[in-house]
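Comments concern the structure below.
Numbers here simply count residues along the sequence, with the first being 1. In this text the structure is predicted, and so the values were computed from the model without any measurement.
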Amino acid sequence: MLTQIAADLVAWTRLLALTGDAQVLAACEPKAMGYRFLHVPGRLTLGARRRRAYPKPGPG
């Protein structure tokens, strides 16, 4: 059941989110796609009872 849910999430992500310039990512393997989405450099801070994410700007 969990495998089917994961496959559906990958399929819907490819269909809805990976359009235009990100079309290259739609053809990659699910493991590579997850790595590129989840491994974003940045900093997570906690202050005033809130968590804030500060991603590092990309090149160019």
Side-chain angles (χ1 to χ4, degrees):
M1 182 78 164
L2 289 176
T3 305
Q4 292 173 341
I5 293 171
D8 285 344
L9 283 173
V10 169
W12 279 105
T13 301
R14 286 183 177 165
L15 182 67
L16 297 175
L18 300 177
T19 59
D21 292 337
Q23 194 73 1
V24 176
L25 287 176
C28 70
E29 294 290 323
K31 188 174 182 179
M33 190 170 65
Y35 180 79
R36 291 182 182 176
F37 278 124
L38 297 176
H39 290 86
V40 177
R43 180 178 41 191
L44 183 64
T45 62
L46 180 64
R49 298 183 187 176
R50 300 181 89 184
R51 291 186 183 182
R52 293 188 181 111
Y54 296 101
K56 290 185 179 178

List in chain and number order the residues that pass side-chain contact (heavy atoms from CB on, under 4.5 Å) with Arg52, two or more places apart in sequence or in another chain; answer none if no residue qualifies. Thr45, Arg50, Tyr54
In chain order, what residues pass the side-chain contact (heavy atoms from CB on, under 4.5 Å) check against Leu46, with sequence neighbours excluded? Arg51
Which side-chain N or O atoms in residues 6-17 pair as donor and acceptor under 3.5 Å with protein atoms at least two apart or in another chain?
{"residue": "Thr13", "atom": "OG1", "partner": "Leu9", "partner atom": "O", "Å": "2.7"}
{"residue": "Arg14", "atom": "NE", "partner": "Ala26", "partner atom": "O", "Å": "3.2"}
{"residue": "Arg14", "atom": "NH2", "partner": "Cys28", "partner atom": "O", "Å": "2.4"}

